[in-house]
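Below is one structure; the comments refer to it alone.
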Amino acid sequence: MKRGDRRDVVRGGGVVALLAARGARTHRRAWAAVFAALALGSLLLGTLGLAAGSAALGHARVERYAGADAVVAGTQSTRYTAKPWGSEARTVRAGLTERVRVPARALDVVRQVPGVRAVIADVAFPVTVRGSAATGRPWEATRLASAPARLLEGQPPSGAREIVVGEGVARAGDRLSIAYGTGSATDTHTYTVTGVSADARRTVHFSRDEAHRLAERAGRAGELDAIGVLADSGVPDDVLRTRVRHALDAAHLRDVSAPHRADDDPARLRVLTGDARGEAEFLAAAPARMPLLQVLASLASVVVLVGVLVVTSTVAQALRQRARELALLRAVGATPWQLRRAVGREVGRIAVPAAVVGAVGAVPAYLALRALLVGRGAVPEGLELPFPPWLAAAPLGTAGLMVLIAWLTALGCCARAARTRPAEALREEVPCSARQLTGCVLLGLGAASAGAGALQHGAAAAAAASASALTMVIGCALLGPWLARGAMRVLGAPMRRLGVGGRLAASACTANAARLGAAITPVVLVTAFVLVQLAGGATLGHEAAAQARAAARADVAVSGPGVPYDAVERIRRIPGVAAATAVARGTVVVPGKELGEPSLERLPVLGVTPRSLARTLDPAVREGSTDGLRPGTVAVGTDRARTLGVRPGDHVQLRFGDGAEARLRVVATYERALALGDFLFSYEELTGHMSAPPPVRVLAEFTPGASPTSLSTAFPGARVERDPVPERVRAEDQALGDVLTAVAVTAIGGFTVIAVLSTLTLISVGRGPELRQLRLAGGDRRRLRRMLLLESAATATAGLSLGTATAALPLLAFALSAAGRLPWLPPGQGALIVAVVVLTTASATLLPARGALRGRYPVATR
């Protein structure tokens, strides 16, 4: 006995520690794959755990109101209560991305609160400076920032006709014409520039009284964006928040959207302190946290599932190679307890360091993931994702989970040898009929789920497709040996026609079908999962792009800061313009039920001016007409109309981005909803519920022979696009979904490479004596190498075919339901999947066999 073994016997409790130590050293090659799989799983779960923890701690960045001790703002969320099937009523919430304003009379209420030193009202309204859109604000509101606004020259505005502009707009002493108001109430006045500030270039500061007057002209009479509260010295934030909260409640004050909200959707004013103050400035930050957490949870569940399957496969394969060794130990008198304990300790020797390595790498991996999310625009502006030092310990919990998975898998894999009588331990294992039956049942359930998904819409269809793919992949994993045997019989006939190497490969594949099933299963897994993940989104994106191109009719698009808010009417008066349409992007929240549960679905939508709409942006109207699109009406996409059960003349109920509920009459249904959104509103209707007028974009069509150069002359600071990019709405979390889908696909691919490499490598190593015997029998290296290549090709072909077949049914159901077309995958992505599988199977089959094929004569076994 070696000195290390004697030490293990003394310290670890005798024979159990000895068996574990010797097993881990002797079977290093088999445990290497387990180490890699556990390290990767621990790395991915640790990274996602850090991302979820950081998202849970996330908050909006505090900038504009950093100098305020508290901020009074409207409720930036909406609620919906409904009764699920056979349960009590439940309430769900969704964030609002348009500003909900505060009544101006709250100023006097907050001013009387004990401990309040000053209150400052903040309002924002649209103005036009030298033909460019800008935002007006009171100069007094700059006191709410962490540092007072810095004047580069001049002094603050004090009179009604004085302003402060940003650097580069004008100089102190200049006079500027400012246009303000909305619609027919637009007016223009000349102001004197008293100062130039280092503030944003597109912000114009007015005196307090003038700013409030202009806000009223913009339709915001008696409304404030927020109220900044400055407290007396020594008043704690929590005390200030409680006092202000009680004062607002005692005055029965609610935000200005209250009269327009649903009965079950209260509009209580909020009092924000600390990090929550940023929510009054960056409105999209808070609503983005929940989708981020949901996507991370979904991705983590996929990683856990794939990790369990791969770790189970690698551990089972490592122990399957030693089945006779374990049986022999049982036959010579090892007790079941000793066998389980030895295998558990052996796995622990590998799993613990592997999980720790993955946990250590999770911190830099998370930082890289966060940088990727920010760089791709997947994190909305203003959302802070903190990373406190104590959060770095979170990957240790996920590492423990991976160790537990490996340990339970090892105990399950050695259960047969442990419970078998010593006299029967060396008998061959008979395939379990219960496993075969379970696999068939799961395939049937997956097919049924896909059929149900074909009858659903939106998120329900996607959930049904994912559940179907998951169920069918697990069913294929259980049926791996039988599927491999059938696939090899099918592929054996053409291989036998390829000469001696083909006949040898066909015979080897048939004989080793049960073992090859362990290698085919991860190929099926990666093919099915990746196809569902990639092809599902690609199909929707491909169809949406096609619809956007078909809807585009405009010759020119005019946009940019140089376009005033009344640009569409001015463009229509330009000679040669046949039609012009203003387009605004916004969001609405649709209450309803998903699978019986109450839901609030936030959807991207368009607002358009309906006059001659089909000449610039054709939605492919199916019923009704968009000519009647005006405030109080809406056009609905055909799929959404089918889901809601409405037609022209019916009514739909929804909530705008500011929480206001509306019951709108349907005037038309249209086909191109994937590109233009499920709802089309009149421009006035949608923009009336927005915090500020959106960036102006006007689509224009010219008469034959007319030149668009007149637009550049009319709007010098505008961007005039010829053959403009087709108009297309995108979900708020699409960038997030794209990035995390790529991460998920990469993770699944990494797991699969590990599983296939380890399984085929162990199989190839075990076939060393067989290859040497074939060489002694006269087989040359070229023929044997051809045999191995054909075997790897058969394995890859079987895995890819079964994986494609597994993904085809849920994908087909989802694509037909959501896009009305067959599934589509970019050829480059399909080629990458095939290349990874082929290269992995070929390298795992050929590289371990190099020793047996090296030299003129085979090397003797040591």
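Numbers here are sequence positions counted from 1. The structure presented is a predicted model; accordingly, all values stated were derived computationally and were not measured.
- Note on residues 597-621: no pairs pass ring pair (Phe, Tyr, Trp, His ring centres under 6.0 Å), not counting sequence neighbours.
- Counting only distance, with no hydrogens or angles, the side chain of S625 and the backbone of D627 share a donor-acceptor pair below 3.5 Å.
- Side chain of R370 to main chain of L385: a donor-acceptor pair is present (N/O by atom type, distance under 3.5 Å, no hydrogens or angles).
- How far CZ of F679 is from CD of E685: 12.5 Å, rounded to the nearest 0.5 Å.
- Counting heavy atoms from C-beta outward, P648 and V667 have side chains that stay 4.5 Å or more apart.
- Counting heavy atoms from C-beta on, the side chains of I178 and V129 come closer than 4.5 Å.
- Going from atom CZ of F282 over to atom CD of E384 covers 8.5 Å, rounded to the nearest 0.5 Å.
- Residues Y683 and T687 approach most closely at O-OG1, 2.7 Å, considering heavy atoms.
- Looking at heavy atoms from C-beta onward, V583 lies in side-chain contact with L606 at the 4.5 angstrom threshold.
- Between T135 and P126 the shortest side-chain heavy-atom distance does not fall below 4.5 Å.
- Of the inter-residue distances, the one linking E223 atom CD with D255 atom CG reads 10.0 Å to the nearest 0.5 angstrom.
- Ion pair D122/R64 flagged as a salt bridge, since at least one NZ, NE, NH1 or NH2 atom sits closer than 4.0 Å to an Asp/Glu carboxylate oxygen.
- A donor-acceptor pair under 3.5 Å links the side-chain atoms of D265 to the main chain of R79, judged by distance alone.
- At distances below 3.5 Å, not a single donor-acceptor pair connects side-chain atoms of R572 with backbone N or O atoms of T581.
- For L531 against A807, the heavy-atom pair with the smallest separation is CB-CB, 3.9 Å.
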Check: After noting the C-alpha distance and the side-chain angles of V634 and V636, does the key distance pass the side chain to side chain contact (heavy atoms under 4.5 Å, CB included) rule?
Finding: CA-CA 6 Å; V634 67; V636 186; 4.1 Å; yes
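- Taking every heavy atom of both residues into account, G58 and L383 meet most closely at C-CD1, 4.5 Å.
- No side-chain donor from either of E279 and Q76 sits under 3.5 Å from a side-chain acceptor of the other.
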Next item on the list: Please report the C-alpha distance between R622 and T638 in whole Å, then the side-chain angles of each, then the deciding distance to 0.1 Å, and finally whether the side-chain hydrogen bond (donor to acceptor under 3.5 Å, both in side chains) criterion is met.
Entry: CA-CA 8 Å; R622 183 173 180 178; T638 52; 4.7 Å; no
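- Applying the side-chain hydrogen bond (donor to acceptor under 3.5 Å, both in side chains) test to E727 and every residue at least two apart in sequence or in another chain returns R585, R697.
- Under 3.5 Å, the side chains of D658 and S257 contain no donor-acceptor pair of N or O atoms.
- Between D225 and R99, at least one side-chain N (NZ, or NE/NH1/NH2) sits under 4.0 Å from a carboxylate O, which counts as a salt bridge.
- No side-chain donor-acceptor contact under 3.5 Å links D678 to the backbone of G637.
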Next item on the list: Carefully, step by step, assess V729 and V605 under the rule side chain to side chain contact (heavy atoms under 4.5 Å, CB included).
Entry: CA-CA 7 Å; V729 300; V605 295; over 6 Å; no
Checklist line | From CA spacing to verdict: side-chain hydrogen bond (donor to acceptor under 3.5 Å, both in side chains), T587, R602 | finding: CA-CA 7 Å; T587 59; R602 191 162 59 241; 5.4 Å; no
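- More than 12 non-hydrogen atoms from other residues, nucleotides or ligands lie less than 6.0 angstrom from CZ of R61.
- With no hydrogens or angles considered, no side-chain donor-acceptor pair links S77 and R93 at under 3.5 Å.
- The aromatic rings of H542 and W824 sit parallel, their planes meeting at an angle under 30°, below the 60° perpendicular limit.
- Heavy atoms from other residues, nucleotides or ligands lying under 6.0 Å from CD of E381 number 12 at most.
- Within the 4.5 Å cutoff, the side chain of L664 has no heavy atoms near those of the T633 side chain.
- A donor-acceptor pair is defined here as one N or O able to donate and one able to accept, closer than 3.5 Å; such a pair exists between the side chain of E98 and the backbone of S691.
- For the residue pair T616/R553, the side-chain donor-acceptor check at 3.5 Å is not satisfied.
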Item checked: side chain to side chain contact (heavy atoms under 4.5 Å, CB included) between Y80 and R655, worked out -> CA-CA 11 Å; Y80 173 62; R655 301 173 186 186; 3.9 Å; yes
Note to self: Checking R642 against D639 for the salt bridge (charged side-chain N to carboxylate O under 4.0 Å, His left out) test, could you report, in this order, the C-alpha distance in whole Å, the side-chain angles of both residues, the deciding distance, and whether it holds?
What the structure shows: CA-CA 5 Å; R642 190 181 307 115; D639 287 343; 2.9 Å; yes
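- You'll find the side chain of T75 stays beyond 4.5 Å of the side chain of L96, heavy atoms only.
- Taking the side chain as every heavy atom from C-beta outward, P823 and L812 approach each other to under 4.5 Å.
- The existence of a salt bridge linking R672 and E543 is excluded, since no basic side-chain nitrogen approaches an acidic carboxylate oxygen closer than 4.0 Å.
- Using a 4.5 Å heavy-atom cutoff, the side chains of Y180 and T188 are not in contact.
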